[in-house]
2 protein chains.
Amino acid sequence: MPHCHTHIEKLRQRGYRITPQREIIIKAIAHSTSHLTAEDLLELIRTSSEAINIATVYRTLEMLVEEGLIIRSDLGQGRAVYAPHQHGPHLHLVCRQCGEVFDADHTMACSLREQIWEQHHFEADFSHTTVFGLCALCQKKEE
Amino acid sequence: MPHCHTHIEKLRQRGYRITPQREIIIKAIAHSTSHLTAEDLLELIRTSSEAINIATVYRTLEMLVEEGLIIRSDLGQGRAVYAPHQHGPHLHLVCRQCGEVFDADHTMACSLREQIWEQHHFEADFSHTTVFGLCALCQKKEE
DNA sequence: CTCGCTATTGCGAAAATCCGCAATAAGGAG
DNA sequence: CTCCTTATTGCGGATTTTCGCAATAGCGAG
Ligand SMILES: [Mn+2]
Ligand SMILES: [Mn+2]
Ligand SMILES: [Zn+2]
Ligand SMILES: [Zn+2]
């Protein structure tokens, strides 16, 4: 993946040590095309190379989120999910009934972002906001 | 609290059995003026009456959320927080830097809600949406 | 290339949440 | 009021996530 090297270089420049564990985790996430839980990731890693301790996986994910290299989302399933940054910004519409997740254009939120800025001087980031509600299908099922 | 009886009646009408545990939990939440974690709630209960098993607390909270009598929010702290419904609808602006939570008028999101409806036929509920970002103070600290 | 500082890892245990199951008890029927 | 059905509880244990601490190993200095 093209982004692995960029990520690793960024981390090195920010003073992080590049360990084999970190390289493996970064590569695994960069390869993924969808959202992964920490456990998914560990399983993915186990097949390709020797096991990495689960605590290390959690610590590395936390660090990568904080450094802005990956995205963490809460989709209401109890477990957090992680995605590579090139997954791209979008709103997550999560149906409370069926749990389905729909992606939506995050630029729809830009006027709301401006209003929040004007009223609270809060710099809101809607690039991966989760919005709960009811999907079209489940609305029909409710008559 | 005025809402306790209403809640208990609603549950009874929906076929739930009213146990002492459920009454205590409902009263404790109705009394609270802010967000509580499950553990906060258990501690609150322990002082006023005999202990209730923590599993029962979690199960009851889950049920009350599903029945629409209380609100569950993820404020990015790992633990979910619960609030009585009369806490009222509002957006939660959560600062990624300092963790502070600011309340904002949820009706600001109504045009976004309409756009989402037009494009996805998804009935979005912004009454307790969590929006991450950077608060005014932390922006200044970043120069 | 070698050495030393200290960031990072693995391990074990704690904390938070959820689950299965047997015992209990709410509430409707008689 | 008593009995019966079955929803609910408490308990023990599983699962997910976090944490402290000693052992390990990056990587910059020499
Ligand atoms: Mn996504
Ligand atoms: Mn609130
Ligand atoms: Zn749905
Ligand atoms: Zn802040």
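We name chains A, B, ... by the order of the sequence lines, and we start the count at 1 in each one. Atoms considered below: every heavy atom in the structure, side chains included; atoms not considered: hydrogens, waters and symmetry mates. Everything numeric here is computed off the predicted structure, so don't read it as measured data.
Listed by chain and residue number, B/Glu9 satisfy the side-chain contact (heavy atoms from CB on, under 4.5 Å) test with B/Gln13 (two or more places apart in sequence, or in another chain). Qualifying side-chain contact (heavy atoms from CB on, under 4.5 Å) partners for B/Thr37, counting only residues two or more places apart in sequence or in other chains: B/Glu39, B/Asp40, B/Arg79, B/Val81. Take B/Arg113 and apply the side-chain contact (heavy atoms from CB on, under 4.5 Å) test, not counting sequence neighbours, and it matches B/Cys110, B/Ala124, B/Phe126. Every residue meeting the side-chain contact (heavy atoms from CB on, under 4.5 Å) condition with A/His7, not counting sequence neighbours, appears here in chain and number order: A/His3, A/Ile26, A/Leu69.
If you check D/dT8, C/dT17, C/dT9 against the side chain of B/Ile54, the one that comes closest is C/dT17.
For B/Leu42 and C/dT17, the CG to P distance is 12 Å, given to the nearest whole Å. Taking atom CG on B/Leu11 and atom P on C/dA26, their separation rounds to 15 Å, with Å as the unit. One can place CG of A/Asp40 at 10 Å from P of D/dT16, the figure rounded to the nearest angstrom. Straight-line distance from the CE atom of A/Met63 to the P atom of C/dT8: 7 Å, rounded to whole Å. Here D/dT16 presents its C1' atom at 15 Å from CD of A/Gln77, a figure rounded to the nearest Å. Atom pair A/Glu66:CD and D/dT18:P shows a separation of 11 Å (rounding to whole Å applied).
For A/His90 and A/His92, the side-chain atoms include at least one donor-acceptor pair closer than 3.5 Å.
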(request) Treat primed atoms plus P, OP1 and OP2 as sugar-phosphate and everything else as base, then score nucleotides 24-30 of chain D 5' to 3': B for base contact with protein heavy atoms under 4.0 Å, S for sugar-phosphate contact only, - for none. (result) -BBS---
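Base engagement by B/Arg59 is indicated by at least one non-hydrogen atom pair under 4.0 Å involving a base atom. Residue contacts shown for B/Glu62 are absent, as no nucleic acid heavy atom lies under 4.0 Å away.
Taking OH of B/Tyr82 as the start and OG1 of B/Thr60 as the end, the distance is 10.5 Å to the nearest 0.5 Å.
Closest approach of A/Ala83 to A/His35, counting heavy atoms only: CB-CD2, 3.7 Å.
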Check: protein-nucleotides 12-16 of chain C nitrogen or oxygen pairs below 3.5 Å:
from: C/dA16; atom 1: OP1; to: B/Arg79; atom 2: NE; distance (Å): 3.4
from: C/dA16; atom 1: OP1; to: B/Arg79; atom 2: NH2; distance (Å): 2.1

